[in-house]
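Here is the structure we will look at.
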Amino acid sequence: MNTMEEDIQKILIDQETLKARVAELGKQISADYAGKEPLLVSVLRGSYIFMADLTRSIDCFCRVDFMAVSSYGAGTVSSGQVNIIKDLSDSIEGKDVIVVEDILDSGNTLSYLIQVLKARHPASIRLAALLDKPSRRTKPITADYVGFEVPDEFVVGYGLDYDELYRNLPYIGVLKPCVYEKN
Ligand code: IMP
Ligand code: MG
């Protein structure tokens, strides 16, 4: 049986770099929302670590809520079908919403989600994505806050999974293709 480390081809973004960039995003959001009370909506499960670090680097009043969607199953390519598995606990009507996602890939998940949330009449809605893989985009969607642009490789760690594993790696790493090619 392999260790997690042995399944990683290379470290793409190390802990220090993640920490510094997330702090910058928090600072930017704090400045942009000064005098407001944004509601940060974490899209589970991939964004849970980013959400925890990002909210702790925001120094204005803010609220958090959580939503779970699925579009992948155990594959590495989006199925294009999005299901809401857990909805928000509170209304977002009149709120300044920031959707917090782990990675913007094809854009399927987020374009669907943003459309659903916009229909609930928030005062504003913006998107914060830790990672952006623009080369794979099939939907016309961009994030307002992006941590890092990444190449077209399957990445795991810092909340991102493959088959629900590797979320607890403290860095973002490229998964060895042999790990998912055997499935
Ligand atoms: P999209 O709908 O194709 O934009 O995919 C969005 C979701 O797919 C993300 O929230 C992730 O959960 C997952 N995903 C996309 N690319 C990767 C990756 O490289 N590693 C891990 N998960 C990914
Ligand atoms: Mg995932």
Side-chain angles (χ1 to χ4, degrees), residues 2 4-15 17-18 21-22 25 40-55 64-88 97-118 125-183:
N2 282 0
M4 278 202 294
E5 299 278 337
E6 284 166 351
D7 289 349
I8 302 303
Q9 189 170 310
K10 63 168 188 262
I11 295 179
L12 202 58
I13 311 166
D14 67 26
Q15 284 185 74
T17 310
L18 281 166
R21 183 67 186 131
V22 173
L25 291 177
L40 283 93
V41 169
S42 165
V43 185
L44 295 170
R45 285 169 257 186
S47 72
Y48 79 111
I49 294 180
F50 176 42
M51 177 75 168
D53 285 345
L54 181 66
T55 50
V64 300
D65 204 344
F66 300 86
M67 194 162 187
V69 298
S70 81
S71 67
Y72 265 68
T76 59
V77 178
S78 178
S79 64
Q81 247 215 272
V82 183
N83 300 310
I84 294 181
I85 294 177
K86 179 213 174 294
D87 208 338
L88 297 171
V97 173
I98 305 173
V99 176
V100 179
E101 245 295 30
D102 54 355
I103 184 168
L104 187 50
D105 188 28
S106 71
N108 272 329
T109 311
L110 282 167
S111 46
Y112 171 79
L113 198 62
I114 300 260
Q115 177 197 319
V116 167
L117 295 179
K118 272 187 178 163
I125 186 158
R126 282 189 184 168
L127 173 59
L130 175 69
L131 306 178
D132 188 7
K133 236 190 236 180
S135 56
R136 303 216 340 138
R137 199 81 86 255
T138 59
K139 294 277 162 63
I141 179 168
T142 52
D144 303 281
Y145 303 97
V146 173
F148 305 89
E149 204 172 285
V150 293
D152 184 11
E153 289 176 297
F154 199 78
V155 294
V156 293
Y158 197 72
L160 289 99
D161 74 304
Y162 170 66
D163 200 13
E164 295 308 325
L165 298 173
Y166 310 98
R167 295 194 196 273
N168 54 321
L169 284 172
Y171 52 78
I172 301 281
V174 176
L175 190 63
K176 286 182 182 166
C178 62
V179 175
Y180 49 84
E181 276 163 6
K182 70 190 174 204
N183 287 327

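Counting starts at 1 for both ligands and their atoms, in listed order. The analysis underlying the following values was restricted to heavy atoms, covering all of them including side chains, and did not include hydrogens, waters or symmetry mates.
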Under the criterion side chain to side chain contact (heavy atoms under 4.5 Å, CB included), I'd like the reasoning laid out for Leu40 against Met51: C-alpha separation, chi angles, the key distance, then a yes or no.
CA-CA 8 Å; Leu40 283 93; Met51 177 75 168; 3.6 Å; yes
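In terms of polar-atom proximity, defined here as any N/O pair under 3.5 Å, Gly107 does make such a contact with ligand 1. Inclusion of Val155 in the set of residues having an N or O under 3.5 Å from an N or O of ligand 1 is warranted.
Residue Glu101 has at least one heavy-atom neighbour below 4.0 Å for each of these atoms of ligand 1: 10 (O). The contact set between ligand 1 and Leu160, taken as ligand atoms under 4.0 Å from a residue heavy atom, comprises 20 (N), 21 (C), 22 (N). Close approach of ligand 1 to Ser106 (heavy-atom distance below 4.0 Å) involves ligand atoms 1 (P), 2 (O), 3 (O), 4 (O). Within the listing of ligand 1, atoms 1 (P), 3 (O), 4 (O), 5 (O), 15 (C), 16 (N) sit less than 4.0 angstrom from a heavy atom of Asp105. Close contacts between ligand 1 and Thr109 involve ligand atoms 1 (P), 2 (O), 5 (O), 6 (C) [criterion: under 4.0 Å to a heavy atom].
Considering Leu18, Leu131, Val22, Leu160 as possible partners of Phe50, the one that fulfils the side-chain contact (heavy atoms from CB on, under 4.5 Å) test is Val22.
Heavy atoms of other residues, nucleotides or ligands lying less than 6.0 angstrom from NZ of Lys118 number 12 at most.
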Less than 3.5 Å apart, which donor and acceptor atoms pair up between the side chains of residues 142-157 and the rest of the protein, not counting sequence neighbours?
from: Asp144; atom 1: OD2; to: Leu127; atom 2: N; distance (Å): 2.8
from: Tyr145; atom 1: OH; to: Asp32; atom 2: OD2; distance (Å): 2.6
from: Tyr145; atom 1: OH; to: Arg126; atom 2: NH1; distance (Å): 2.8

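Contacts of Arg136 with ligand 1, taken as heavy-atom pairs under 4.0 Å, are absent altogether. Residue-level proximity to ligand 1 for Asp161 is carried by the backbone, the only part with a heavy atom below 4.0 angstrom. Residue Asn108 touches ligand 1 through backbone and side chain together, judged by heavy-atom distances below 4.0 Å.
Note on ligand 1: Lys133 sits in its first shell, one or more heavy atoms being nearer than 4.0 Å. For the ligand labelled ligand 1, residue Glu153 lies inside the 4.0 Å heavy-atom shell. Heavy atoms of Ile103 come nearer than 4.0 angstrom to ligand 1 in at least one pair. Within the 4.0 Å heavy-atom cutoff, Val156 does not count among the residues contacting ligand 1.
For the 3.5 Å distance criterion, the side chains of Asp53 and Tyr158 qualify, holding a donor opposite an acceptor.
Applying the side chain to side chain contact (heavy atoms under 4.5 Å, CB included) criterion to Gln115, with sequence neighbours excluded, gives no partner residue.
The closest donor-acceptor contact from the side chain of Arg137 to the backbone of Asp105 lies under 3.5 Å. At least one donor-acceptor pair under 3.5 Å links the side chain of Lys86 to the backbone N or O of Phe66.
Here CD of Glu181 is found 10.0 Å from CG of Leu175. Values are rounded to the nearest 0.5 Å.
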